[in-house]
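Data first, discussion second: the structure below is written as structure tokens.
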Amino acid sequence: MLLRFPPHTRIIVVPSDDQSTNEFSISRRLLVAMTLLLVLVTLLFLVVILSYSTLLQQARQVPELQGRLVAANAQLVRVQELNRELDQMRDMQERVLTMLGVNQLLDDAAEDTAADAGDPMRARLGEVAGVIMTPPPDVWPVEGHVTREFEAGDLVDGLTPHYGIDLVAPVDTEVRAAGRGIVQSAGWDDDLGNFVEIRHGFGYVTIYGHCSRLIAQAGDRVEPGQVIAALGGTGRSSAPHLHFEIWRDGEAVDPRNVIPGSPGE
């Protein structure tokens with residue numbers, strides 16, 4: 001047996017007094033549509049309530065998040081300041097170590113530690129300390145006539161610098177170390193020809209160019225007046241002579257302002 005719903009729904013309103021009753025008729029489709037609309041409106045209302053609650057909760061968190069952001073920015077600024085201070089300290093440390101001649105000495109000490117006898121590290125540290133505390137170079141490398149003086153120059157004005165003194169003497173004249181130190185490099189340069197570079201204490205470096213032959217080698221410890229090469233005319237040189245430079249903390253200085261007396265004495 002099939003059940004059939006009436007196509008219309010009758011609604012009868014019975015008043016409490018003696019007035020006549022009112023009767024309404026609503027189609028089934030309209031009733032279903034109204035029911036669905038009521039459900040949809042209810043769901044939409046619930047969604048709005050939930051969304052508003054979420055937004056309200058997020059809005060309450062905004063001041064706290066802003067406070068955290070301000071604190072994080074302050075910490076970031078402080079970290080950046082500390083990094084800059086650390087970089088400045090590292091630069092200062094490098095300059096001090098370079099001035100004292102420690103960097104190259106420690107590199108050399110690390111290379112030869114295995115070859116030292118007894119307590120190698122203590123021996124090498126003793127040598128390092130010995131070089132660090134030495135005075136600036138104070139010995140002229142050769143006795144000869146000065147043909148060209150030190151010239152700072154000015155590249156802006158087109159004045160080419162001459163970072164040393166040229167000393168003329170007979171070929172193969174002994175070239176001597178201007179002070180105690182360690183040979184940092186010895187070899188060939190297109191301009192200087194055969195050259196020797198010695199690192200001394202307190203940031204001093206001396207360079208000896210145009211040599212005919214080299215005696216000292218990289219890593220050698222030298223004493224003031226020790227023979228390190230022979231005078232010649234190698235490299236870009238119009239005549240045999242010694243090109244002698246002194247650098248301090250990475251800047252070329254006039255040898256006459258460092259070494260007393262005159263190279264001809």
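Numbering starts at 1 and runs along the sequence shown.
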inquiry  = If you apply the rule side chain to side chain donor-acceptor pair (under 3.5 Å), what do you find for Asp166 with Thr147, and how did you get there?
reply    = CA-CA 6 Å; Asp166 291 344; Thr147 58; 4.5 Å; no

From [atom1] ([X]) to [atom2] ([Y]), nearest 0.5 Å:
X	Y	atom1	atom2	result
Leu242	Glu174	CG	CD	13.0 Å
Arg148	Leu167	CZ	CG	13.5 Å
Leu36	Leu40	CG	CG	6.5 Å
Leu56	Ser51	CG	OG	12.0 Å
Leu192	His243	CG	NE2	6.0 Å

Between the main-chain N or O of [Y] and the side-chain N or O of [X], is there a donor-acceptor pair closer than 3.5 Å?
X	Y	value
His210	Gly235	no
Ser212	Asp172	no
Trp140	Pro260	yes
Ser53	Ile49	no

So Ile259 and Ile246, side chain to side chain contact (heavy atoms under 4.5 Å, CB included) or not? Walk me through it. CA-CA 10 Å; Ile259 300 179; Ile246 296 181; 3.9 Å; yes

Applying salt bridge (charged side-chain N to carboxylate O under 4.0 Å, His left out) to Arg84 and not counting sequence neighbours gives none

Without hydrogens or angle criteria, can the side chains of Tyr204 and Thr206 be said to hold a donor-acceptor pair below 3.5 Å? no

> Got more than 12 heavy atoms from elsewhere within 6.0 Å of CD, Glu251?
Replying inline: no

Result for side-chain contact (heavy atoms from CB on, under 4.5 Å) between Gln217 and one of Asp220, Ile215, Leu214 points to Asp220

inquiry  = Could you check whether any side-chain heavy atom of Val205 comes within less than 4.5 Å of a side-chain heavy atom of Glu197, counting everything from C-beta outward?
reply    = yes

Just so I know, are the side chains of Glu149 and Ile165 near enough to count as touching, which here means a heavy-atom distance under 4.5 Å?
yes

Residues passing the ring pair (Phe, Tyr, Trp, His ring centres under 6.0 Å) test with Phe150, sequence neighbours excluded, are none

Taken in chain and number order and not counting sequence neighbours, the residues that satisfy ring pair (Phe, Tyr, Trp, His ring centres under 6.0 Å) with His145 are none

Here the pair of heavy atoms bringing Arg256 nearest to Ser262 is NH1-OG, 4.2 Å

- Between Phe244 and Tyr208, is the ring centre distance below 6.0 Å? yes

